[in-house]
Protein chains: 2
Amino acid sequence: MEKRADQLRDRLEEEILTSRYRPGDRLDEQSLAAQFGVSRTPVREALFQLVAAGLIEHRPHRGTFVSEVGPRHLMEMFEVMAELEAMCARLAARRVDASRLAAIEESHRACEAAAESGDMDGYYYENEAFHDRIRAAGGNAFLREQAAQLHKRLKPYRRLQLRVRNRVAASFREHDAIVAAIRAGDPDAAAAAMRDHVAIQGERFTDLLASLEPHGESRRARD
Amino acid sequence: MEKRADQLRDRLEEEILTSRYRPGDRLDEQSLAAQFGVSRTPVREALFQLVAAGLIEHRPHRGTFVSEVGPRHLMEMFEVMAELEAMCARLAARRVDASRLAAIEESHRACEAAAESGDMDGYYYENEAFHDRIRAAGGNAFLREQAAQLHKRLKPYRRLQLRVRNRVAASFREHDAIVAAIRAGDPDAAAAAMRDHVAIQGERFTDLLASLEPHGESRRARD
DNA sequence: GTCAAGATAATCGTATACAATCTTGAGGTT
DNA sequence: AACCTCAAGATTGTATACGATTATCTTGAC
């Protein structure tokens, strides 16, 4: 059985990633302990893990708060993720074997089906699988882990992406270029295609963000 | 003042990174608590942080052990680090300003001085600064953090590098190419030069490792 | 002699209590 | 009115105790 602290971590992570807790929200140890019917010990343990993952921040004797990412930091993270995923694609183009390639193409077709039927949630889901299979095909387990971690962390910001007009169709076309490059065994093309694919998300998102809060640091008002 | 758990974490991290604790060694909560004159609570907290950093592993009811990295995993980590540092160099070539470039060149000259006088420890130290200034020049704080973290984690393995014959001189020449590319504002050249520079370390090290333990997983004997 | 089942011991996960530290706000002083 | 002082309250960090889980050793049967 999983220990309670880990359950708690997963639960809190989920709640943060789905924006049920918003950036800036305070996570009080005592309240959480009471809320989940446990003592502070496992709560603290869970919080430490989330701090290590960068999801929350801890200000001594002030409280722990859901990290405020800010457009700048967010853009930086997308930039890094683009490079990591590009590296996965490059390696995949170089090292992929038949069965892994087949797996990628299978996910690719699943994306296509979801895109054509306008199933946004389905596309989101299949898209995850698509990317993870490419990461796996790279054959670098450490890289895969790093990329997946960043991916997870950016989850709440990517999800909105797909609601942008025509984004799903565009995303699928980008996937197509990636798959073609991997199939052709062209590492540079695969890397470039993947980098663009991910970088576009970052740009689109910061565009969106910029239009919502033009003043950068100025939104501080909350409770 | 820093809390005791953090002191402990730093202390243990230090002892692991300097190989005073070796891979496979067991870290017993109770012994550590007794040894440092604290209770198990802060010890556990410190251990959790090290687990999150990947330095140690936790097997329930078995104990916590210093991570055994293994040649494969090590090579993977070098591969990723090469890419991250290459990205830093690429960004640096694109975005660097006069003062940051001057800082890089200053570190570069310091490396040169250490190399010529055969001061290996000095070279190691200046080399750290050189790389960090390039990371800083990239202007992506998140990337800088990620790269620095990996760098730290690979520290014990890089240090041996410099004892390889002519490695210092070769390393300096590689630095030279990197600086030239950054100064020229050539992102691709900077990235390529940096990637090679770091990748070589990985290759050299795994060469070394392979010559020491030819049988991969076979060394299990210890106390 | 080997293997399995139970007993034993070690370790872990959690709860609770206490101490130390910081924040906050009221009240007084300049 | 602004600033400083200080006490009250809150929150965190640490210690200790206990129950639960699991590894390991013992014992006995085959």
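Numbers restart at 1 for each chain; the letters A, B, ... are given by sequence-line order, proteins then strands. All values derive from a computational prediction rather than experimental measurement. All heavy atoms count here, side chains included; hydrogens, waters and symmetry mates do not.
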In whole angstrom, what separates [X]'s [atom1] from [N]'s [atom2]?
X: A:R62; N: D:dG13; atom1: CZ; atom2: C1'; result: 18 Å
X: A:K3; N: C:dA15; atom1: NZ; atom2: P; result: 12 Å
X: B:L32; N: C:dA10; atom1: CG; atom2: C1'; result: 16 Å
X: B:D28; N: C:dA10; atom1: CG; atom2: P; result: 11 Å
X: A:E29; N: C:dT14; atom1: CD; atom2: P; result: 15 Å

### Those residues that, when tested against A:E45, pass salt bridge (Lys or Arg N to Asp or Glu O under 4.0 Å) (two or more places apart)
A:K3, B:R44

#### Entry: Residues that A:R72 engages under salt bridge (Lys or Arg N to Asp or Glu O under 4.0 Å), provided they are two or more places apart
A:E76

#### Entry: By ring-ring contact (aromatic ring centres under 6.0 Å, His included) - contacts of A:F142 (at least two apart)
B:H73

### Message
For B:F130, give me all partners under ring-ring contact (aromatic ring centres under 6.0 Å, His included), at least two apart in sequence or on another chain.
### Response
B:H108, B:H175

#### Entry: Side chain to side chain, A:E174 and A:M194, heavy atoms closer than 4.5 Å
no

### Query
Taking only side-chain nitrogens and oxygens of B:H58, does any of them come within less than 4.0 Å of OP1 or OP2 of C:dG13?
yes

### Query
A:Y125: what forms a side-chain contact (heavy atoms from CB on, under 4.5 Å) with it, not counting sequence neighbours?
none

### Task
Not counting sequence neighbours, which residues clear side-chain contact (heavy atoms from CB on, under 4.5 Å) with A:S19? List them please.
A:R22, A:P156

Counting only pairs under 3.5 Å, give me each side-chain donor-acceptor contact of residues 48-66 of chain B, with atom names and distances, residues two or more places apart or in other chains.
{"unit_1": "B:Q49", "atom_1": "OE1", "unit_2": "B:R9", "atom_2": "NE", "d": "2.6"}
{"unit_1": "B:Q49", "atom_1": "NE2", "unit_2": "B:D6", "atom_2": "OD1", "d": "3.4"}
{"unit_1": "B:T64", "atom_1": "OG1", "unit_2": "B:L27", "atom_2": "O", "d": "2.7"}

### Query
Could you run down nucleotides 4-10 of chain D 5' to 3' and tag each one B, S or - for protein heavy-atom contact under 4.0 Å?
-------

### Message
Contact list please: residues 35-57 of chain A against DNA chain D, heavy atoms, distance less than 4.0 Å, in numerical order.
### Response
A:R40, A:R44

